[in-house]
2 protein chains.
Amino acid sequence: MNKRPTILDVARHAGVSKSTVSLVLQNSAAVKASTRAAVEKAMVDIGYVYNRSAAGLRGASSGLIGLVINDLRNPFFTEFAASIQMTFARKGFSTVIANTDENPDIQATVIASMIEHGVSAFVISPTYAPDLSAFDRLEKSGIPTMQVLRQVDERTDIFPFASLDYMAGSRLATKHLLELGCKRIAFVGGLEDRPVTLERVSGYNELMDAEGRERIYYHGRPSRTFGRDIARRMAREDTRPDGVICFSDLVALGMISGFAETDILPGKDIRMVGFDDIEESSLCFPRLSSIRCDVSRFGENSAQALLNWLEQGDKPEATKRYPVELIVRQSSMRL
Amino acid sequence: MNKRPTILDVARHAGVSKSTVSLVLQNSAAVKASTRAAVEKAMVDIGYVYNRSAAGLRGASSGLIGLVINDLRNPFFTEFAASIQMTFARKGFSTVIANTDENPDIQATVIASMIEHGVSAFVISPTYAPDLSAFDRLEKSGIPTMQVLRQVDERTDIFPFASLDYMAGSRLATKHLLELGCKRIAFVGGLEDRPVTLERVSGYNELMDAEGRERIYYHGRPSRTFGRDIARRMAREDTRPDGVICFSDLVALGMISGFAETDILPGKDIRMVGFDDIEESSLCFPRLSSIRCDVSRFGENSAQALLNWLEQGDKPEATKRYPVELIVRQSSMRL
DNA sequence: ACAAAAAATTGGAACGTTCCATAAACTGAA
DNA sequence: TTCAGTTTATGGAACGTTCCAATTTTTTGT
């Protein structure tokens with residue numbers, strides 16, 4: 001394991017100075033084609049590999065992006081993380097990913113550690129935390145940082161926020177169920193106090209109020225388990241809702257399986273719309289109608305916005321919401 | 001955004017030399033308690049943050065681990081990645097994650113890029129690739145590298161391999177179905193030529209042959225879609241299998257929803273066992289019997305093994321297989 | 001063929017750490 | 001008080017790049 005060759009070895013081997021090699025590395029226009037070729041040949045000949053730490057020391061960008069995710073196991077976030085990471089990779093950036101599991105302490109530590117590693121920018125889907133010291137630290141560090149999917153820090157002028165148009169989605173879903181003639185429409189899932197819940201419920205509230213219909217909430221964790229439990233409970237109720245909007249597809253899928261146990265078939269006995277349109281929703285039975293968020297495109301767009309900030313210096317707008325659409329499938333049709 | 005303070009600023013502020021500050025940083029025993037306290041105070045006072053690039057230049061470990069995953073969107077791998085990342089984080093290591101989407105070219109690029117970034121070690125769940133140049137490069141780099149879940153490079157003395165005991169799992173599942181009295185047991189999913197498939201099918205082959213039963217294969221991509229399609233096809237067959245072992249839970253879940261469409265209820269009309277025991281399997285209806293692999297513990301163990309290699313220098317054994325167990329649920333019982 | 005301009009190349013200082021060899025400051029025993 | 005021994009602190013060189021200012025080479029116009 002004899003030391004990695006350096007720029008100097010390359011220079012020696014190609015018969016040029018280290019400065020020239022450096023120029024080649026940053027493919028400067030100032031080096032003659034023939035020289036460049038010679039240098040490049042030397043590099044592969046001796047198996048040179050670039051040392052980013054050394055470059056970073058002199059101020060070059062690290063080409064490292066920090067991605068901090070509150071719940072990486074949730075397929076919605078997984079999809080987002082995978083998509084953003086792959087976009088960065090295509091542009092030559094590596095991504096340091098950390099899952100915080102909704103834990104502010106973990107979040108604070110991983111952010112600190114990423115700063116030490118010299119990440120060039122941050123994308124954070126933050127944990128709801130009482131104190132914002134993590135963000136204060138970020139501000140001081142001066143590292144470009146985007147909040148995505150959850151706006152936790154108010155200072156969107158410093159930490160631009162990008163998300164999806166959940167209000168519109170919720171409006172679409174409610175309108176759809178109303179048009180199908182549903183009388184009692186329930187909203188299932190989502191923790192009551194959370195901003196995301198507020199957003200995903202707002203269109204529902206708006207239209208239900210406009211129609212003078214009763215709002216029916218079943219608030220709770222946006223998980224399969226919760227969905228399943230609510231479905232079982234609902235099956236036993238005397239005046240059961242005839243339409244359900246779920247906080248997320250995970251909840252909806254949980255409900256579908258809960259209903260299956262009690263012989264209720266969404267689409268026939270009750271109408272259901274999910275939220276997110278994860279892959280599984282088009283595969284399950286019955287196929288789940290959902291609000292498509294197209295996370296993977298959202299990931300690409302966010303990545304691109306961040307790169308523009310980093311490379312061209314144009315900061316993303318303070319708040320950006322990408323559009324969503326309603327996908328109608330079996331769960332909200334007469335079968 | 002005035003330059004980050006350096007070790008020198010801390011020294012000045014605490015009235016000691018930079019060397020002393022460096023010693024404090026590596027908490028050396030050679031510095032007096034009072035001095036250490038003073039230095040530490042100075043650090044928080046001026047908001048010092050450690051510069052790992054600079055340290056790395058002098059040979060210090062980067063504290064960065066490269067994690068390369070062939071399919072990050074598959075919940076099995078997501079769980080693994082999340083678990084291993086969080087274990088590293090607890091030990092003060094950051095994790096650079098890349099999804100290769102089964103693409104050898106992407107795999108090669110991300111590995112190269114991680115080497116540039118100076119990762120201290122690699123954990124790779126590799127893509128099946130015709131050429132092993134990526135591994136050759138790794139070997140030359142001398143960076144400790146573990147293969148997990150898929151053994152692609154034969155040189156396990158160089159790249160220790162850790163996985164789960166799939167053969168045992170497949171034996172457990174088959175034995176279970178045989179004991180339930182199944183006569184025609186099919187194996188569904190898994191690409192025919194793949195080593196993983198061979199492993200997951202081996203116990204099935206062994207026991208079926210021992211019993212003199214016919215082997216029935218439905219090979220294909222280990223996805224929900226494939227499972228659903230096979231279930232539909234199976235529903236139309238005249239001599240339908242009465243027992244099914246799936247390559248993965250994803251396939252099994254796909255089959256469950258495919259069967260649901262044709263009014264076949266696993267556990268009543270057919271018996272089914274999945275493989276992996278992802279979270280959803282205990283939540284779906286009917287609950288899916290499965291071979292529990294406990295990926296998240298596997299992740300922790302692998303992380304720990306790698307850290308021991310890195311820090312104590314003891315290389316993991318060339319091949320390690322962690323045990324699996326059969327979890328019996330509704331899908332393989334009379335309801 | 002010559003100067004001037006343009007293009008291509010170069011040496012050296014700097015970046016923020018670590019580590020070695022050395023120095024300074026303390027101990028306690030003679 | 002002195003000296004050896006021990007504990008603690010220090011200056012300086014090194015790590016592999018980038019970038020500036022300076023230099024050399026090539027091109028252009030006359």
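Numbered from 1 within each chain, the chains take letters A, B, ... in sequence-line order.
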Original post:
How are the rings of F88(A) and F93(A) set relative to one another: parallel (under 30°), tilted (30 to 60°) or perpendicular (over 60°)?
Top reply: tilted
**OP:** Please determine which of T100(A), N103(A), D71(A) meets the side chain to side chain donor-acceptor pair (under 3.5 Å) test together with T127(A).
**Re:**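 It is T100(A); the other options fail the test.
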Original post:
Can you list, by residue number, the residues of residues 14-29 of chain B that have a non-hydrogen atom closer than 4.0 angstrom to DNA chain C?
Top reply: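 Contacting residues: K18(B), S19(B), S22(B), Q26(B).
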**OP:** Could you identify which residues of residues 34-46 of chain A place a heavy atom less than 4.0 Å from some atom of DNA chain C, listed by residue number, or say none?
**Re:**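 Contacting residues: T35(A).
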Original post:
Is there a side-chain contact (heavy atoms from CB on, under 4.5 Å) between M43(B) and V24(B) once you walk through the steps?
Top reply: CA-CA 11 Å; M43(B) 298 213 259; V24(B) 169; 3.9 Å; yes
Original post:
Taking the side chain as C-beta and beyond, is there a heavy-atom pair between V96(A) and H117(A) under 4.5 Å?
Top reply: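 Side-chain contact under 4.5 Å: no.
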**OP:** Quantify the bending of the helix from dA1(C)-dT30(D) to dA30(C)-dT1(D) as the angle between its end axes, each fitted on five pairs, to 10°.
**Re:** 40°
Original post:
Closest heavy-atom contact between I111(B) and A134(B)?
Top reply: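 Taking I111(B) first and A134(B) second, the nearest heavy atoms are CD1-CB, 4.1 Å.
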**OP:** Among T87(B), D294(B), V295(B), find the residue that satisfies the side-chain contact (heavy atoms from CB on, under 4.5 Å) test when tested with E300(B).
**Re:**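 It is T87(B), the one option of T87(B), D294(B), V295(B) that forms the side-chain contact (heavy atoms from CB on, under 4.5 Å) with E300(B).
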Original post:
Does the side chain of S125(B) come under 3.5 Å of the side chain of N70(B) through a donor N or O and an acceptor N or O?
Top reply: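 Checked: S125(B)/N70(B) side chains pair up, N/O donor to acceptor below 3.5 Å.
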Original post:
Is it true that the side chains of S17(A) and T20(A) contain a donor and an acceptor less than 3.5 Å apart?
Top reply: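 A donor-acceptor contact under 3.5 Å links the two side chains.
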**OP:** Before giving the answer on side-chain contact (heavy atoms from CB on, under 4.5 Å), spell out for F159(B) and L138(B) the whole-Å C-alpha distance, their side-chain angles and the decisive distance to 0.1 Å.
**Re:** CA-CA 9 Å; F159(B) 308 113; L138(B) 282 170; 4.0 Å; yes
Subject >> D45(B)/K41(B) ion pair, N-O < 4.0 Å >> reply: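 A salt bridge is present here (some side-chain N lies under 4.0 Å from a carboxylate O).
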Contacts under 3.5 angstrom, residues 307-320 of chain A side chains, donor-acceptor by atom type, not counting sequence neighbours:
from, atom 1, to, atom 2, distance (Å)
N308(A), OD1, Q304(A), NE2, 3.3
K315(A), NZ, D157(A), O, 2.8

Solution key, residues 72-80 of chain A side-chain donor-acceptor pairs under 3.5 Å, sequence neighbours excluded:
from, atom 1, to, atom 2, distance (Å)
R73(A), NH1, E79(B), OE2, 3.0
R73(A), NH2, D101(A), OD2, 3.2
N74(A), OD1, F76(A), N, 2.8
T78(A), OG1, L72(A), O, 2.6
T78(A), OG1, N74(A), O, 3.1
E79(A), OE2, R73(B), NH1, 3.0

**OP:** Considering only heavy atoms of chain B and a distance under 4.0 Å, specify the first and last nucleotide of DNA chain D in 5' to 3' order that meet this criterion.
**Re:** dT8(D) to dG16(D)
**OP:** Report the residue (V31(B) or R58(B)) whose heavy-atom-nearest nucleotide on DNA chain D is the more 5′ of the two.
**Re:** V31(B)
